[in-house]
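By convention in this document, chain letters (A, B, ...) are assigned in the order of the sequence lines, proteins followed by strands, and residues within each chain are numbered from 1.
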Amino acid sequence: MPSVRVRYAPSPTGAPHIGNLRTALFNWLWARHNDGKFILRVEDTDQAREVENGLELIMASLKFLGIEWDEGPDIGGAYGPYHQSERLPIYKKYADELVERGAAYRCYCTNEELAQMRAEQEARGEPTRYDRRCRWLAAEQRAQRESEGRAYVIRLAVPLEGSTTLRDFIHGDITIPNDSVDDQVLMKSDGFPTYHLAVVVDDHLMEITHVMRGDEWISSFPKHILVYNAFGWTPPQFGHVPVVLGPDKKKLSKRHGATSITQFRDEGYLVEALLNFMTLLGWAYDGQRELFTRQELIENFTLDHIHSSPAVFDRTKLDWMNGEYIRRLEIGDLATRLLPFLTRAGIEADLETTKKIAPLVQERLKRLDEIAPLVDFLFQEKISYDPKTLVGPKMNAAESLHALRAAGEILDGMSFDDAEKMEQALRAAGEQLGLKPAQFFGVLRNAVSGKTVTPPLIGVLQILGKEKTMARIGDALVKLEKLAM
RNA sequence: GUCCCUAUCGUCUAGUGGACUAGGACGUGGCCCUUUCAAGGCCAAGACACGGGUUCGAAUCCCGUUAGGGGCACCA
């Protein structure tokens, strides 16, 4: 019997965004931290909002992050079914039980009546809420409506007096007067439960011990506790995690660019970094340490360090962290992850070559997708560039020509196998010409790559190979000669 | 309108009445290293939203104000 059972209960309305996923992550971390169970449950009680492959998108996102579930719609479990739409008889049974106990009642009001009621309340400047007219129906009135076969919903009979104290391990205790709570609909007239009934019944039946969910639920929190009370059940522990905001401090949305996790993957972020970064959004270990492996996250994750205020999703810090993780990768691993990004950019590299490139770019990458513009020149047959860039810093064309000739001669006369030797020889040649390394290597760099910025030159030359290197130097020499005239 | 939540550097945060001259990280600026770009090292600037209390003492507790956010559905 596991001590901790938590769940992630999304409704299948599309790809989950970072905020939702962060909530799932917290739940999962807590489950793993306690050797407990993490359950995936689908809240599909609103047919109108359903998105066709919504569930697949959710499962794919979780899988990408390595958040695996112990029970769920696809793998089943002892507490199933895990689709709320398949649990309808269960909700009906419990709703009826509540009616029998007098804790809930049938309401026969039509949408039109309700709309009119709200309009009147608004006109009087009152808060809009159900006026409980069906709660006070006399037995005969009720019987008459039943005999007419009128459609009904089931509403919770909220206590008229007193207050309800909500225990929240993130926010602390919150006390709400009961008279501010509406007689919430529990069962809709189509036979589907509302969230408020389903969530309580399921969490109870599935023996959930901790409910961590988005902050937006805090306002319906009292309803849920009242339902637990009505059943005489002990509620699980609740914690409402704050939302994730965009840089403009508005709730994270499409406007802020990528919000689905797969988009981040496609932009070259590593799962390790994403996982680490997302956990730090609203949770901190000690304010000092920030880099954690998955295992370390699990070991150190505790509820008492979850923040109660919203966090802004800061991409520049994610970029930094991603770079940290890239630098920690084994070369072979890095190459394997880099290859698809080269291919996608139309560069036909193989794994062998990518393995040679990897050490050259490792500490220069913040994102995997930055690889292409860094090394594309290595794979092009012909490079094109403005000849003027061949002239080195604080040099004229003639000086640059001299330098490049010297470099060409040296390279032509040696093997490209020994990087050490190549560097020594080139460095010596530059010194002899009275040039600074930056100048001498700069000219060579431009000639060979057409760029002023590249990965370390010697490594680049080795990958390019002697033949291509000499050909490019030859081309550049011709261009420089024209410039020098 | 009403109910509720939130409030420490630009951003993520440490801080649970005295160890706070408020610490760390990202970002920013400077310097060093350096074949470019990075990476790395060092240094710097930068915050307790405001006003009242409580207390010998408050970033920490209480009350207001302000500013954000959420709810007020037969949505989740």
**Complete:** When R133(A), R135(A), R155(A), R129(A) are each screened for salt bridge (charged side-chain N to carboxylate O under 4.0 Å, His left out) with D183(A), the one that passes is R135(A)
**Request:** Could you tell me whether the side chain of S189(A) has a donor or acceptor atom within less than 3.5 Å of a complementary atom in the base of C74(B)?
**Result:** yes
**Prompt:** Counting side-chain heavy atoms from CB outward, which of A25(B), C26(B), A76(B) is closest to T316(A)?
**Reply:** C26(B)
**Request:** Would you classify G214(A) as touching base, sugar-phosphate or nothing, given that sugar-phosphate means primed atoms plus P, OP1 and OP2, and contacts are heavy atoms under 4.0 Å?
**Result:** nothing
**Message:** Can you check the distance between G10(B) and A49(B), where both ends of the measurement are the C1' atom (answer in whole Å)?
**Reply:** 15 Å
**Request:** Taking only Lys NZ, Arg NE, NH1 and NH2, and the carboxylate oxygens of Asp or Glu, determine whether R118(A) and E122(A) approach each other closer than 4.0 Å.
**Result:** no
**Message:** Checking base pairs now: Watson-Crick or wobble, both atom distances under 3.5 Å. What partners C26(B)?
**Reply:** G10(B)
**Request:** Could you tell me whether the phosphate oxygens of C5(B), OP1 or OP2, come under 4.0 Å of any side-chain nitrogen or oxygen in H240(A)?
**Result:** no
**Fill in**
Of C26(B), C3(B), U11(B), the nucleotide closest to the side chain of S180(A) is C3(B)
**Asked** For T454(A), which contact category applies under a 4.0 Å heavy-atom criterion: base, sugar-phosphate, or nothing?
**Response** base
**Message:** Main chain of S85(A), side chain of H83(A): is a donor-acceptor contact present, judged purely on distance under 3.5 Å?
**Reply:** no
**Fill in**
The Watson-Crick or G-U wobble partner of U55(B), with both key distances under 3.5 Å, is none
**Least distance between heavy atoms, Q380(A) atom then R472(A) atom** = O-NH2, 2.7 Å
**Complete:** Any strand, both distances under 3.5 Å, Watson-Crick or G-U wobble: U60(B) pairs with none
**Request:** For A14(B) and U6(B), measure between their P atoms and round to the nearest Å.
**Result:** 15 Å
**Asked** Does OP1 or OP2 of C37(B) have a side-chain N or O of T452(A) closer than 4.0 Å?
**Response** no
**Fill in**
From the candidates C4(B), A38(B), A7(B), the one with an atom nearest any side-chain atom of S308(A) is A7(B)
**Phosphate contact (G71(B) OP1 or OP2) by K223(A) side-chain N/O below 4.0 Å** = no
**Asked** Any side-chain N or O of K249(A) less than 4.0 Å from the OP1 or OP2 oxygen of G10(B)?
**Response** no
**Message:** Looking at R118(A), I'd like to know whether one of its side-chain N or O atoms comes within less than 4.0 Å of OP1 or OP2 on A73(B).
**Reply:** yes
**Ring-face cation contact, Y152(A) with R106(A), 6.0 Å cut, 45° max** = yes
**Item:** Test item: Y8(A) and L62(A) side chains (from C-beta on) under 4.5 Å apart, heavy atoms
**Value:** yes
**Prompt:** Given the P atoms of G46(B) and G70(B), what is the spacing between them in whole Å?
**Reply:** 34 Å
**Item:** H196(A) side chain near C75(B) phosphate (N/O to OP1/OP2, under 4.0 Å)
**Value:** no
**Message:** Tell me which nucleotide, if any, is Watson-Crick or G-U wobble paired with U65(B) when both distances must be under 3.5 Å.
**Reply:** A49(B)
**Prompt:** Reckon P222(A) touches a base, only the sugar-phosphate, or nothing at all at heavy-atom distances under 4.0 Å?
**Reply:** nothing
**Complete:** Of the listed A76(B), G23(B), G69(B), the closest approach to the Q288(A) side chain comes from G23(B)
**Prompt:** Hey, does L280(A) reach any base, or is it just sugar-phosphate, or nothing, if we go heavy atoms under 4.0 Å?
**Reply:** sugar-phosphate
**Message:** Looking at C31(B), which nucleotide sits across from it as a Watson-Crick or G-U wobble partner, both distances under 3.5 angstrom, or is there none?
**Reply:** G41(B)
**Item:** Ion pair check, R315(A) and E267(A), cut-off under 4.0 Å
**Value:** yes
**Prompt:** Among A76(B), A39(B), G24(B), which nucleotide sits nearest the side chain of R327(A)?
**Reply:** A39(B)
**Message:** Using atom C1' in both nucleotides, what's the gap between C33(B) and U16(B) to the nearest angstrom?
**Reply:** 44 Å
**Message:** Using a heavy-atom cut-off of 4.0 Å across all strands, would you classify C109(A) as base, sugar-phosphate, or nothing?
**Reply:** base
**Request:** Ignoring the backbone of I218(A), work out which of C5(B), G15(B), U36(B) is nearest its side chain.
**Result:** C5(B)
**Asked** Is there a donor and acceptor pair closer than 3.5 Å between the side chain of K317(A) and the base of A25(B)?
**Response** yes
**Request:** Confirm from the modelled atom types if R129(A) and C72(B) form a donor-acceptor pair under 3.5 Å, side chain to base only.
**Result:** no
**Spacing of the C1' atoms in G53(B) and G15(B) (rounded, Å)** = 23 Å
**Request:** Would you mind pulling out the nucleotide paired to U16(B), Watson-Crick or G-U wobble, both distances under 3.5 Å?
**Result:** none
**Message:** I'd like to know if the side chain of Y285(A) pairs up with that of E296(A) as donor and acceptor (distance under 3.5 Å, no hydrogens or angles considered).
**Reply:** no
**Message:** For the C1' atoms, the ones on A19(B) and on U35(B), what distance do you get once it is rounded to whole angstrom?
**Reply:** 50 Å
**Complete:** Taking G71(B), A14(B), U6(B) as options, the one with an atom nearest any side-chain atom of A284(A) is A14(B)
**Complete:** Winner on side-chain proximity to P437(A), out of C72(B), C74(B), U35(B), is U35(B)
**Prompt:** Of all the choices, A7(B), U13(B), A76(B), which nucleotide is nearest to the side chain of K188(A) once you look at every atom?
**Reply:** A76(B)
**Item:** Interatomic distance at P, A25(B) relative to C42(B), whole Å
**Value:** 9 Å
**Prompt:** Using a cut-off of 4.0 Å on non-hydrogen atoms, how would the nucleic acid contact of K436(A) be classed: base, sugar-phosphate, or nothing?
**Reply:** nothing
**Item:** Candidate nucleotides U11(B), U13(B), U35(B), ranked by approach to the side chain of D314(A) - the nearest
**Value:** U11(B)
**Request:** With C1' as the reference atom in both, quote the distance from G64(B) to C12(B) in angstrom, rounded to an integer.
**Result:** 30 Å
**U35(B) phosphate, OP1 or OP2, under 4.0 Å from R427(A) side-chain N/O** = yes
